[in-house]
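Please read the structure below before turning to the comments.
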2 protein chains.
Amino acid sequence: MDKNETMDRKTRILDAAEQVFGNSGFDGASLRQIVQAARVNLATVYYYFESKEHLLEEVFKRRLGPVKEEQLASLRQVERRGLKGMAAVEKILEAMLFPALRLTASADLKRSIPTKLIGRVVADPNPRFQELIRSQHDEVRHAFIAALQRRLPKCSIADLAWRMELVWGALAFLMCNPDRVKRAADGEGHSVGARMALAQMTAFFSTGLCAPAAKRNPPAR
Amino acid sequence: MDKNETMDRKTRILDAAEQVFGNSGFDGASLRQIVQAARVNLATVYYYFESKEHLLEEVFKRRLGPVKEEQLASLRQVERRGLKGMAAVEKILEAMLFPALRLTASADLKRSIPTKLIGRVVADPNPRFQELIRSQHDEVRHAFIAALQRRLPKCSIADLAWRMELVWGALAFLMCNPDRVKRAADGEGHSVGARMALAQMTAFFSTGLCAPAAKRNPPAR
DNA sequence: GTCTATAAGGAGATAGAC
DNA sequence: GTCTATCTCCTTATAGAC
């Protein structure tokens, strides 16, 4: 798990890049910082990855890929149990949130938060990064919206899409900087793990998902 | 409203910086891009602002300051009307969300989105930026949580703080990149304004805020 | 207040030895 | 595969003339 010499250079570069990109952002990070942390030569990055941008993509997919698989697998498991109504909605939300929250709460080596980079990329309006997000996230989005729609037939697809977009927004916000959550935590400043965040989000959002439709033309204020 | 020669240089720099910082981020933006867009000399930036970092702070506060004032003023107005229950919760949420959403939906000059920069700063875990957010946001947070607490006495402060953190997360996510919202829009790809986003968020979150408390120790999965 | 010129350094990327 | 050395360009920031 630690970055000793026994790990191959490619993995060391990916680990270091994840940390440096997460802390400093794509433009704020330099390859020289990354190769120093990975204890490899600058040219090694260009041997394994063809550019700084490709390196970022590899780091990103390496983290998000397994999350995506776990979300979809958990969703399939919920479907098999044949739950109905509110209980199903809660379990579907958990299937989506937990894999991401567990990763957010797990600080590798105490100082690196694996999801910081994901949160940053989500917040970047650069079309290049938006496409990267989209390529990883579209399948998950469609699967979860479809699953929810079957349990909430009275809620239109458009309303569900809106609401899930808001849920993903809140999740991305937590992934950027888990400290914000710890501050809210339990009101006494105690540290908080993925399970606490999961319970809070599930209670809040599952009830909201069952809310009546938004008015099409809200009255002027 | 447009950046012609009649505006003073300081304002032109702030306008240009907002756009360039929003599109490229703090590190991705260069002062040379900004001075070119503002049609001023590079040294002018250092005359009016002492560094790139101070320029960012000024841009940030110029935008967020008025939003904060409007949120607090709207909240006071809701308080004076003496609403109770769910209706009060909805109006409090609207008082918080609308000033930010209106700004998000208003694309100055078609290509600049004033809130892009705010969203970026929120997503940046750099302590320097987190402190900037905190300095502007703390007063608003406390005021709104207190107002909600009076209407939702059964909801603990800790739960309310969690839920509002999630609402702010979702809001920040929209501010980063309003295109994401337009895609969800009305299911037919129609463009969407601040009122639509307001109606969707209010319906979703006001119901969620009235949800029962999250379980302290959720069962293992 | 506004300008030119420049200091001083860091960036991504590559050529070519080993 | 890994290294050194370097190319080329761009960055923030400042000194000092006008």
Side-chain angles (χ1 to χ4, degrees), chain A residues 3-62 117 120-121 124 126-129 131-132, chain B residues 3-62 117 120-121 124 126-129 131-132:
Chain A
K3 277 177 265 183
N4 57 33
E5 291 292 343
T6 64
M7 292 168 63
D8 65 8
R9 286 167 144 79
K10 189 170 178 180
T11 306
R12 290 216 306 270
I13 292 171
L14 286 168
D15 287 347
E18 178 168 81
Q19 182 167 339
V20 177
F21 279 142
N23 285 329
S24 306
F26 180 73
D27 292 305
S30 75
L31 290 178
R32 286 173 166 83
Q33 279 179 279
I34 292 170
V35 300
Q36 190 178 10
R39 300 186 321 285
V40 300
N41 188 278
L42 176 60
T44 313
V45 172
Y46 291 93
Y47 176 77
Y48 287 108
F49 310 92
E50 68 181 61
S51 69
K52 185 183 181 185
E53 188 163 341
H54 278 78
L55 173 59
L56 178 89
E57 286 178 20
E58 294 293 314
V59 173
F60 187 82
K61 289 177 185 168
R62 184 183 67 148
L117 171 62
R120 272 186 185 276
V121 174
D124 198 317
N126 185 320
R128 190 178 61 193
F129 293 154
E131 171 59 25
L132 187 57
Chain B
K3 276 177 266 181
N4 57 32
E5 291 292 344
T6 65
M7 291 169 60
D8 65 8
R9 286 168 145 76
K10 188 171 178 179
T11 306
R12 290 216 305 272
I13 292 170
L14 286 168
D15 287 348
E18 179 169 81
Q19 183 167 337
V20 177
F21 280 143
N23 285 328
S24 307
F26 180 72
D27 291 305
S30 75
L31 290 177
R32 284 174 161 85
Q33 280 179 279
I34 292 170
V35 299
Q36 189 178 12
R39 300 186 319 286
V40 299
N41 188 277
L42 175 62
T44 313
V45 172
Y46 292 93
Y47 176 77
Y48 285 108
F49 310 92
E50 68 181 60
S51 69
K52 185 183 180 183
E53 186 163 343
H54 277 77
L55 172 59
L56 178 89
E57 286 179 20
E58 294 293 314
V59 173
F60 187 82
K61 289 178 185 167
R62 183 182 69 149
L117 172 62
R120 272 185 184 277
V121 174
D124 198 318
N126 185 320
R128 191 179 60 194
F129 293 153
E131 171 59 27
L132 187 57

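Lettering follows sequence order; numbering is per chain, from 1.
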Between [N] ([atom2]) and [X] ([atom1]): distance, integer Å:
X       : N      : atom1 : atom2 : answer
A/Arg39 : D/dC3  : CZ    : P     : 12 Å
B/Asn41 : C/dC3  : CG    : P     : 5 Å
B/Phe21 : D/dT11 : CZ    : P     : 13 Å
B/Tyr47 : C/dT4  : OH    : P     : 17 Å
B/Ile34 : D/dA13 : CD1   : P     : 11 Å
A/Lys10 : D/dT2  : NZ    : P     : 12 Å

Practice prompt. Assign a letter to each nucleotide of nucleotides 7-14 of chain C from its 5' end: B, base within under 4.0 Å of a protein heavy atom; S, sugar-phosphate only; -, no contact.
Written response: ----BBBB

Worksheet, complete the sentence: Sorted by chain and number, sequence neighbours left out, salt bridge (charged side-chain N to carboxylate O under 4.0 Å, His left out) with A/Glu50 holds for none

Worksheet item: With sequence neighbours left out, what residues match B/Glu57 under salt bridge (charged side-chain N to carboxylate O under 4.0 Å, His left out)?
Response: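 B/Glu57 satisfies salt bridge (charged side-chain N to carboxylate O under 4.0 Å, His left out) with no other residue.
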
Discussion item. Counting only side-chain nitrogens and oxygens, does B/Arg9 get under 4.0 Å of the OP1 or OP2 atom of C/dT2?
Written reply: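 For C/dT2, OP1 or OP2 has a side-chain N or O of B/Arg9 closer than 4.0 Å.
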
Worksheet item: Within the pair B/Thr44 and C/dC3, is there a side-chain N or O less than 4.0 Å away from OP1 or OP2?
Response: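 For B/Thr44, the contact criterion (side-chain N or O under 4.0 Å from OP1 or OP2 of C/dC3) is met.
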
Worksheet item: Any side-chain heavy-atom pair from A/Asp27 and B/Phe26 closer than 4.5 angstrom?
Response: no

Practice prompt. Compute whether any side-chain donor of one residue and acceptor of the other, for B/Asp8 and B/Thr11, lie under 3.5 angstrom apart.
Written response: yes

Worksheet item: Any Lys/Arg nitrogen of B/Asp15 or B/Arg62 sitting under 4.0 Å from an Asp/Glu carboxylate oxygen of the other?
Response: yes

Worksheet item: Nearest heavy-atom pair of B/Ser24 and B/Ala29: which atoms, and what distance?
Response: CB-N, 3.8 Å

